[in-house]
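To keep things clear, I will list the structure first and then write my remarks on it.
Remember, it's a predicted structure, so these values are computed and weren't measured experimentally. A note on names: the letters A, B, ... follow the listed sequences, proteins ahead of strands, and every chain is numbered from 1.
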Amino acid sequence: MRAIAIKMLFGDSAKFYGILLGLAFATLLIAQQSSIFVGLMSRTYALIEETPQADLWVTDPTMLFVDDTKPMQVTALQRVRSVEGVEWAVPLFKGLLVAKLPSGSRQLCDVVGVDDSSLIGVPARIIEGDTSALRRPDTVIIETRGARGRLAQPADPGDPAAGRRPIRIGEELELNERRAVIGAIAETKPTFQAVPTIYTTYSRAISFAPANRRTLSMILVKAGPGEDIAALRERIERETELAVYTPRDFAWKTIDYWMKQTGIPINFGIAIGLGFLVGVAIAGQMFYNFTLDNLRYFGAMKAMGAGTGQLLGLVALQGLVAGALGLGLGLGVTAMVGLSIPQDRLAFKMTWHIPVIAAGAVLFIVVASSLFSMRRVVKLDPAEVFQG
Amino acid sequence: MTGHGTSVSAHGVTKTFGTGDSAVRALRGVDLDIRFGEMMALVGPSGCGKTTLISIIAGLLSRDGGDLHVLGEDTGGMSQRQRTAWRGRNVGFIFQQFNLIPQVSIAENVAVPLLLRGHPRSDAIDRAAHLLSEVGLHGRESSRPTKLSGGQQQRVAIARALVGEPRLLVCDEPTSALDGATGQMVMGLIRRMASAPDRVVLLVTHDERIYHFADRIAHVEDGRITHVSTPAEALAQAAIAAGDPPPPSVAPPRSEA
């Protein structure tokens, strides 16, 4: 009977495609909006992902998220280094500075200053030049999106119609009236703030920044071999009274800030909720109508000896098949959209949770509409088949 | 082709729908005996209780009172689940509107009763094809019901009703959706294929033109069987009621319940 139930579903092509498209559209909205939400949220902690060498991040206790830099006194670095179990601890500067470009225009940039000697914190993927460029005076590394985008220069200064070209190695910027020479170009993950990121050494970054007694944004810590990370974290917190996070906890703290302090989750939640409602309204209603249309055949089957459980099984099978196909189609289209648009333009990250959530939503829609349909099948009086 | 023994034995069967002022007494004490091998037609005006009676006999409805034994069993004492299984084993149905599933082939439609009973699909389809061949639809097994004429669809319905080899065949107005000639052909087919010494055929109809296919005619009125007649007697009675002179050879109807 399973084959007949599935043929009944596929055979009513108008309703079948209606159910399929309704479920696929609901899946598309749920999965696509969720993927963009996750993509945006993952951009908020891009710096943490770009610095995999650190086991722990030490910050001022009042810091709320990774971009919310609350500078500490430089002595904090020595205090952290003195904690037992710390293999190394290096400083990190992070701050927004205005860069004056060769064309004379100004652009807000995110400046990251890494440890002068180890250069821990410099992006791993250098696509032009070399990390060692930072050993030369006044040198900085910029990332490709910034080079092609907001830091791009007029292709022909005398001809505005000639367009713009990426800024190049060797060209100079001014950061807070100080010369900075581009020494290398790196590929990095997009950030939430979407301003160009400039990497340089810690001491050089401090010289670019306005004078301040406190200059240490964060401290990156590597645990000694065999050291228990959780125990070390507690020890640093206890001995320095600073906040200490694992990369994962720091990323979640950052996500938590954006989730709670901005309207982003609500906006995406509305879009996802609409997708769900579309699924319920279109696919659920169509599936219910499909069952109603077939009620007389179910009634005939009941007269011919089909048990209620047997018929419910057929309705459930029809719902699950429609749900699986709609889910597959919706996820396929979502993935195609995500893969076809460059990451620079679309923050898209489909983690394994998203298909699972979309499947759960589709399952709910299918089960809810099946239950409504099943109610009619359960209440169906087989004697009704004689009513003409 | 009349066999031995009573297949349906009803005495004082009652059925009421609803309660209080809105209660409708559909059956007010039906007495009826049908023998194996017989084709019994139930006739009467709309709302007289024919459909309720065949629904109770076929195990689709439970009775409120009286005694009823069908194929030697009292279905009134069965649970819903037991009655469903009993129907699956013993009863074949031919509906007024055919009720063929339009999205599947006619062979699959015919196979439905067997598939519901858990028969392997290939066996069920083979038996369905054999039955379709017997009703004159050989070579059309993979056709959809919507591609067939009304008469052909009812032939498929006959094959479906008989594929499970039921001992009780219930036909509800089997010719009402067909033209006269097709109705005669369909009834001829039912008569030919369904008649067996161990089977009983129960036919509900308004169509006087098919009375002659039945062995006996039970006249239902106001929830009771007023009398049982031969087809010739029933036709004479119908002619008198219509104001036409009765055929001279027709005897007056018997008063039998």
Side-chain angles (χ1 to χ4, degrees), chain A residues 1-20 286-287 289-319 321-322 325 373 376-388, chain B residues 15 17 46 50-56 58-62 80-105 108-109 111-119 121 124-125 144 146 157 160-161 163-164 166 170-173 176-177 204:
Chain A
M1 280 308 293
R2 286 192 291 270
I4 288 182
I6 291 169
K7 282 184 180 180
M8 285 170 78
L9 176 69
F10 293 165
D12 189 345
S13 49
K15 285 210 173 54
F16 171 65
Y17 287 120
I19 296 166
L20 190 67
M286 282 214 169
F287 187 70
N289 286 343
F290 166 75
T291 308
L292 285 193
D293 285 354
N294 287 311
L295 218 49
R296 54 188 287 214
Y297 309 117
F298 288 132
M301 288 183 204
K302 222 170 182 177
M304 289 186 278
T308 301
Q310 216 171 352
L311 295 181
L312 294 185
L314 299 183
V315 174
L317 176 68
Q318 290 171 335
V321 168
L325 292 175
S373 306
R376 296 298 302 263
V377 174
V378 169
K379 288 170 69 178
L380 184 65
D381 182 350
E384 283 178 29
V385 291
F386 288 144
Q387 309 299 318
Chain B
K15 179 72 181 176
F17 293 104
S46 295
K50 303 186 297 290
T51 300
T52 304
L53 181 56
I54 59 160
S55 296
I56 290 173
L60 296 171
L61 282 179
S62 57
Q80 189 75 38
R81 186 185 293 261
Q82 287 171 325
R83 256 204 335 254
T84 301
W86 179 85
R87 281 199 309 271
R89 285 193 310 273
N90 295 301
V91 189
F93 293 91
I94 297 175
F95 306 107
Q96 188 177 347
Q97 296 298 331
F98 321 137
N99 286 340
L100 299 174
I101 303 167
Q103 298 96 337
V104 304
S105 71
E108 286 170 311
N109 265 287
V112 162
L114 298 178
L115 295 172
L116 288 173
R117 281 154 66 176
H119 280 244
R121 183 178 164 81
I125 294 292
R144 296 281 177 88
T146 47
R160 181 181 62 184
V163 74
V170 175
C171 312
D172 177 42
E173 305 270 13
S176 69
V204 168

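The side-chain hydrogen bond (donor to acceptor under 3.5 Å, both in side chains) check on B/Thr84 picks up nothing, with sequence neighbours excluded. In this view, A/Arg2 and A/Leu317 satisfy the side chain to side chain contact (heavy atoms under 4.5 Å, CB included) rule, not counting sequence neighbours. Here B/Arg121 pairs with B/Glu108 under the salt bridge (Lys or Arg N to Asp or Glu O under 4.0 Å) rule; sequence neighbours left out.
If you measure heavy-atom distances from B/Val112 to chain A, the contacts under 4.5 Å come from both the backbone and the side chain. Proximity to chain A (any heavy atom under 4.5 Å) is restricted, for B/Leu100, to the backbone atoms N, CA, C and O.
Remark: side-chain polar atoms of B/Arg87 are not paired, donor with acceptor, to backbone N or O of A/Gly305 under 3.5 angstrom. A donor-acceptor contact shorter than 3.5 Å is absent between the side chain of B/Asn99 and the backbone of A/Ala300. For the pair A/Lys15 (side chain) and A/Phe287 (backbone), a donor-acceptor distance under 3.5 Å is absent.
Counting only heavy atoms from C-beta outward, the side chains of A/Met304 and B/Val91 never approach each other to under 4.5 Å. Side-chain atoms of B/Ile94 and B/Val170, non-hydrogen and from C-beta on, never get closer than 4.5 Å to each other.
The candidate with the highest count of non-hydrogen atom pairs below 4.5 Å against chain A, out of B/Arg117, B/Gln103, B/Arg160, is B/Gln103. Of the residues considered (B/Pro166, B/Gly59, B/Pro102), B/Pro102 shows the highest number of contacts with chain A, using heavy-atom pairs under 4.5 Å.
Contact residues of residues 4-14 of chain A toward chain B are A/Ile4, A/Lys7, A/Met8, A/Gly11, A/Asp12 (heavy-atom distance under 4.5 Å).
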